[in-house]
2 protein chains.
Amino acid sequence: MKKILLYCFLSAPVLVNAQQSLVKYVKPIIGTQKMGHTYPGATVPFGSVQLSPDTDTLSYELNGKYNGDVYKYCAGYKYEDKTIVGFSHTHFSGTGHSDLGDFLIMPTQGKLQLNPGTADDPKSGFRSAFSHDNEVAEAGYYKVKLDDDNILAELTATNRVGMHQYTFPKSDQSHIILDLMSGIYNYDDKTVWTFVRVVNDTLITGYRQTNGWARTRTVYFAMSFSKPFVSYGQKNFDKPQVYKGFWRKFDQTKNFPDIAGRRIRMYFDFKTEEQEKIKVKFALSPVSQANALENMQAETQGWDFDKVKQQAQAEWNKELNKIKIDASEDDKINFYTAMYHAFINPTNYSDVNGEYKGLDQNVHKADGFNNYTTFSLWDTYRALHPFLNIMQPARNNDIVKSMMAHYDQSALKMLPIWSHYANDNWCMSGYHSVSVLTDAIIKGVYNGDANKALDACITTANHRDYEGIGDYIDLGYIPAERSGTSVSNTLEYAYDDWCIAKLAKKLNRTDVYDEFTKRSGNWKNVFDKSIGFMRPKMADGSFKKEFDALSTHGQGFIEGNTWNYSFFVPQDPKALIEQMGGNKKVGLRLDSLFSMHLPDEFFAETEDITREGIIGGYVHGNEPAHHVAYLYNWIGQPWKTQEKIRMILKMQYKPTPDGLGGNDDCGQMSAWYMFSSLGFYPVSPGSEDYSLGSPAVKNAVLALENGKTFTVEALNQSDKNVYVQRVLLNGKQLAGTTIKHSDITGGGKLTFYMTSKPVKK
Amino acid sequence: MKKILLYCFLSAPVLVNAQQSLVKYVKPIIGTQKMGHTYPGATVPFGSVQLSPDTDTLSYELNGKYNGDVYKYCAGYKYEDKTIVGFSHTHFSGTGHSDLGDFLIMPTQGKLQLNPGTADDPKSGFRSAFSHDNEVAEAGYYKVKLDDDNILAELTATNRVGMHQYTFPKSDQSHIILDLMSGIYNYDDKTVWTFVRVVNDTLITGYRQTNGWARTRTVYFAMSFSKPFVSYGQKNFDKPQVYKGFWRKFDQTKNFPDIAGRRIRMYFDFKTEEQEKIKVKFALSPVSQANALENMQAETQGWDFDKVKQQAQAEWNKELNKIKIDASEDDKINFYTAMYHAFINPTNYSDVNGEYKGLDQNVHKADGFNNYTTFSLWDTYRALHPFLNIMQPARNNDIVKSMMAHYDQSALKMLPIWSHYANDNWCMSGYHSVSVLTDAIIKGVYNGDANKALDACITTANHRDYEGIGDYIDLGYIPAERSGTSVSNTLEYAYDDWCIAKLAKKLNRTDVYDEFTKRSGNWKNVFDKSIGFMRPKMADGSFKKEFDALSTHGQGFIEGNTWNYSFFVPQDPKALIEQMGGNKKVGLRLDSLFSMHLPDEFFAETEDITREGIIGGYVHGNEPAHHVAYLYNWIGQPWKTQEKIRMILKMQYKPTPDGLGGNDDCGQMSAWYMFSSLGFYPVSPGSEDYSLGSPAVKNAVLALENGKTFTVEALNQSDKNVYVQRVLLNGKQLAGTTIKHSDITGGGKLTFYMTSKPVKK
């Protein structure tokens, strides 16, 4: 904590303007330790470039098998590490599988080393030891001293350009290494091809294609130095090839400007004076080298690093000021860091001229929208996209348009599942795009063709070959024999189908409404009334005999056990409660969930979270139960929702490097934090309703894009006063435990009267 | 010969128009046996697509070393072979190294086989036995019966689209295989990446990148079937990969439309009735799948194969009619086939919308010109480009513009050396682009910025790091210690430098003229007066001691020995003759060259030619001596030029599959044939002069693009009357043995009076 607070004072002054300086509350270092899988580097809101240090670049493959350790490096950076390999330009935030880490740059001096060396002996390669004492991570800015060669590294970014500033000691042998082989979740043949041109003594352009989580992913770049290099060279680490072209006519290792191959590292040599700063601008494009150069020229002029940093922080400040909260300093750090982590996903994926690469690997021009990528939809449909629908509706409109473009470009005719950089990696279950589309349309955010969107939802949901959908349609569930995730898939499809029905109703498409309303009840087919839990069902209609309600593996679920998944009927909690035996039984069940003891053996199987990411048997670090604490509202025990929410906010989010109990999952964990801190949560995205909890802020003013403001105030708020006595919407007491989306977008005030005792009425 | 003549009668009727039907004289089969390295398939003049059968697809690498046998398959087809593997869409004509063979298609029926099988046992795979008896090869059309599965295959093409017509037997199991791994000069990891989308049941798009002679070559395609396939599938021959994406959610081997990887073969299944024709249109693009589709739509409408064939043959007929000759039937076949082989290089390399991929791997739009590729300049600067300057000036203007675009896109700032498909493979010596540029400018063909062209020439010629240019500039020659081709490089640079001087003079750039005129005399530095031969010189100025005038290996030359190369001073034969000791000595030397006995051991070392490609010691099958027979004109013995030329025409060009004595080298051998048949030859491209020989035609009318005609008539012409009594230009007797370019372009008539006895005056 001390260290964290220290950052506030170390921070460079932020642009002074009419807005509050809220950047100081953003601590990108939160979540970089243990399971958060966030990165500490520099990016702007929803920026294409995420320029951040990588502390190791392990191989995904070890002896032809998956190397489990690589999982710790999903974001490239592990707080526990003592060395930095370099600074690369693309990173996911909070994922549980990975890719990216494009174009790693490392400044060194002294003897040139083209291997990274080992973490134990950083001097054996170009990597360097570093200390957190010499590290500053802010929104849009990162600084670290590289101890091995006494070089200060600073990073900032615009949307499509990463800017580096390296302060060298005096040296005749200063180098900047451009590692074109390095990557996150790397392995020997991941880089399919690299092409580089040294255009002149300050400008390099090129691209590389990788084959990883994204199957065919190409990133183009333009790289500019603030000072001409003296010389440069490259080493090709590929196996020696039988002579094919006549390239042997050149010494390609030194000052040869036309470079290509599979495994290449380059270096650029400089002479530096004491404390001389060399700056690098590194622009990305999904389309071409020419576009990367255009992006660079459009977004950065000149070499004023501080100006770019100030712009980046001003951009952040503008976004952060959309919600002004009154809360404790720690809660402000948690809240604004959550906002920061929420607002770095999805990422912009088009050039300044509007061009981007589509799923079909053709170049498209985004017509009337900005194109986005990195859709971790199994996570983010729950709270991130609903949050964007309130605070970033224009952006979420563009995101839905990007998803529709993906659909149009899809040979399979499917909306995205888990999509990044013109590829779908098909990670996780469900077809939750339909939730995002429905929520945006129901809430009036999407201004495209809603009927076309519904058609895309229907086509996706009827893709019989995909993940048991055929069985699901025919039988109403997925037989346990045919899928390891038969129950969670059935449950998630049923929720998604409800979204489709909801959308169909809005569009007066009765047939579709009827069909998908029926499908949305399929959750009942995997509910075993005899035990009151969701349970795998066999093709013959019988429930699977061997069943362990605590285990998360081999029981028909993904990232959760039946204790968590049995509550997954967000589309109809009332019906679920009936099936489970009524309010009382469900109340006891929920109480057990939060208080039970989960034996370590079951935790060991749980993915993506720390031990602290579990409260009793409730797994907050994974997503399936994110709505569960709100279910007490449905059984007449809202005070339990209130105390659980406040407990989760307190236990699962801390302003420390290890402050996140599980993967942030592209902002979903953070969006949950913000919603719940503000006192309401979208239990069923696709519905207009938010369920009320217990605000952790004293006051919050949401500045909406429509010019209106929505204020949350929590009177008598304190750590002890977690219970809600009554709630007033614009001065009128609310009868139930919900508010509507239109209540927010209409502007007004939501007043919670807080108290220290449960209010049981 | 019988077989060849048979083709004439088998030929399908050509479009009837005002032009003579000359297509019947084109025999693409000429040169497909032994060393010609031509291909028999379908293409249009300078067409992007060369759709032709491949009779084997050997690996360039065998146990990590170069596999010599692959050399026989430079054009994919070897007349000697008994089986066809399939039909691919890109081929070089007449090269001595290779690449291409993109997108091999093969129709089969019966059991699906996804391996090509062996030549000895074609039924072991998808390849098929065939017979030349069932084969027809015409300009723009190819037909063969595939014996194994009783399928008739027909091919034709537009500029950017190959069209296939397969006549199947009745079968429930008819297949069309799309082999995305196959290639010419192939090897395991040559295909860097492949991407394919099955858009619908008749349309496929995709691309593949290869790393071969061209380092980074990507070809995009769109493929359309005349009839929907019933089902389809793919096999990925790559090593099994550790699971990275979540693609296992799909059965990707069958009916899965989103395909990518390193080593892929696809197949499409059909049911066919007896004699049912399935047609395939296959469009290429250097830029994108979308452009390939646009190319297809622009160039081919509907499914009328015969119409496309007739268009292709009409295009050929139009080109062929630009020269109407009167000659024997065999000579007509030789002449028009030479014209055909000359007019398929270079090839168009841009889409219908003008876009193409540049050397910098960026997409460019050709502004005011058509972009071309496949520049085998060491060969083609000699006669092909000069021939184009007479008969295709608009096209050669575009070719020079394409070379200037290449230069503009070159990170090295060099004009092309041997360039194809947005790459330079740096094959062979010299910087002969400068000859092509100079010749086009001197002859008024290039309408671009001549000074900019000269600058490009100078920059290229001063590239000190390239192939000994630094030494050449400093010492006036390349020391034998530092290069295996020190003498031929010195000689070729000297000639090229003369071109630059010539161009500089025209542009009044005196400094450049002086500098390069001096450099153009550097040939003298490697001429050893003591033996009268060019000879490798050491760095210390002494000639290399061990020297074998007959050998072509290790003596300082490439594709030739000093007997051939010692005559290589095309820029100044007069000075060479002086150095060699005057007319008489040179006369004896030339006589010896044509009459000497070259021991087999030396022939064995000679590349790219058959034994018949050598006359005495004169190697016609390679290029360095192509001008030598004309040198008799310089020593007052023109009758020897006349008899040698007629002898070479007779011995080196025959209307049979093995009719070419050496690689056609992208039309250079063919251009030599046409020039010499017409009675004149450009000994020094860059000069306006043509040296006169002995016409083999009785009459030829050249229809020039400027609307004028130039007629060559050879009175009293016969196989015996090879000597020239006198020559009249527009009725006026010529004093010397040259005519000027302006004599031709001005229109008029050149009349040779032929006789059976040498005319010694």
Side-chain angles (χ1 to χ4, degrees), chain A residues 60-61 64-66 97 99 185 187 189-190 192-193 195 197-199 205-207 209 211-216 240-251 255-262 288-290 359-363 410-413 417-418 423-428 465-467, chain B residues 60-61 64-66 97 99 185 187 189-190 192-193 195 197-199 205-207 209 211-216 240-251 255-262 288-290 359-363 410-413 417-418 423-428 465-467:
Chain A
Y60 179 82
E61 280 182 18
K65 290 185 181 165
Y66 170 67
H97 194 95
D99 210 355
Y185 273 49
Y187 39 91
D189 58 352
K190 179 167 180 179
V192 171
W193 199 250
F195 178 85
R197 285 162 52 80
V198 181
V199 179
T205 67
Y207 68 82
Q209 187 205 323
N211 166 228
W213 205 21
R215 191 182 54 178
T216 304
Q241 296 205 310
V242 171
Y243 152 75
K244 284 146 200 163
F246 289 76
W247 294 87
R248 63 175 173 182
K249 292 187 175 183
F250 301 94
D251 174 7
N255 298 324
F256 185 74
D258 199 344
I259 298 150
R262 288 180 169 89
S288 68
Q289 302 166 85
L359 188 68
D360 55 6
Q361 301 298 312
N362 270 320
V363 174
S410 160
L412 283 160
K413 285 293 147 217
I417 301 294
W418 205 128
N423 284 265
D424 206 318
N425 63 52
W426 310 105
C427 185
M428 301 306 290
D465 291 342
Y466 182 71
E467 286 253 279
Chain B
Y60 179 81
E61 281 182 18
K65 290 185 181 164
Y66 170 67
H97 195 95
D99 210 357
Y185 273 49
Y187 39 90
D189 58 352
K190 179 168 181 179
V192 171
W193 199 249
F195 178 86
R197 285 162 53 79
V198 180
V199 180
T205 68
Y207 68 82
Q209 187 204 323
N211 165 229
W213 205 20
R215 191 182 53 177
T216 304
Q241 296 206 310
V242 172
Y243 151 74
K244 284 147 200 162
F246 289 76
W247 294 86
R248 63 176 173 182
K249 292 187 175 183
F250 302 94
D251 173 8
N255 298 323
F256 185 74
D258 197 345
I259 299 150
R262 288 180 170 90
S288 68
Q289 302 165 85
L359 188 68
D360 56 6
Q361 300 299 312
N362 270 321
V363 174
S410 159
L412 283 159
K413 285 293 146 218
I417 301 295
W418 205 129
N423 284 265
D424 206 317
N425 64 53
W426 310 104
C427 184
M428 300 307 290
D465 292 341
Y466 183 70
E467 285 252 278

Tell me, side chain or backbone of A/Asp251 under 4.5 Å from chain B's heavy atoms, or both, or neither? neither
Picking from A/Trp418, A/Trp426, A/Tyr185, which has the most non-hydrogen pairs under 4.5 angstrom with chain B? A/Trp426
Set of residues satisfying ring pair (Phe, Tyr, Trp, His ring centres under 6.0 Å) with respect to B/Phe195, sequence neighbours excluded: B/Tyr207
Does A/Asn255 have any side-chain contact (heavy atoms from CB on, under 4.5 Å) partners at least two apart in sequence or in another chain, and if so, which? A/Ser231, A/Tyr232
Looking only at heavy atoms and a cut-off of under 4.5 Å, which of B/Ala290, B/Ala260, B/Gly261 has the most pairs with chain A? B/Ala260
Correct closest heavy-atom pair for A/Glu467 and B/Lys249 would be OE1-NZ, 3.3 Å
With only heavy atoms counted, which part of A/Ile417 is less than 4.5 Å from chain B, the side chain, the backbone, both or neither? neither
Which portion of B/Asp424 sits near chain A, non-hydrogen atoms under 4.5 angstrom: backbone
Is A/Ser410 close to chain B through its backbone or its side chain, or both, or neither, when contacts mean heavy atoms under 4.5 Å? backbone
Hey, does A/Arg262 have a side-chain heavy atom less than 4.5 Å from the side chain of B/Asn211? yes
By a 4.5 Å heavy-atom criterion (distance strictly below it), what part of A/Asp465 contacts chain B: side chain, backbone, both, or neither? backbone
Top residue by heavy-atom pair count (under 4.5 Å) with chain A, among B/Asn362, B/Thr216, B/Leu359, B/Asn423? B/Asn362
For B/Arg215 against A/Asp258, the heavy-atom pair lying closest together: NH2-OD1, 2.7 Å
Just by modelled atom types, is the A/Val192 backbone N or O under 3.5 Å from a matching donor or acceptor in the B/Gln209 side chain? no
Give, as side chain, backbone, both or neither, the part of B/Val198 having an atom under 4.5 angstrom from any heavy atom of chain A. backbone
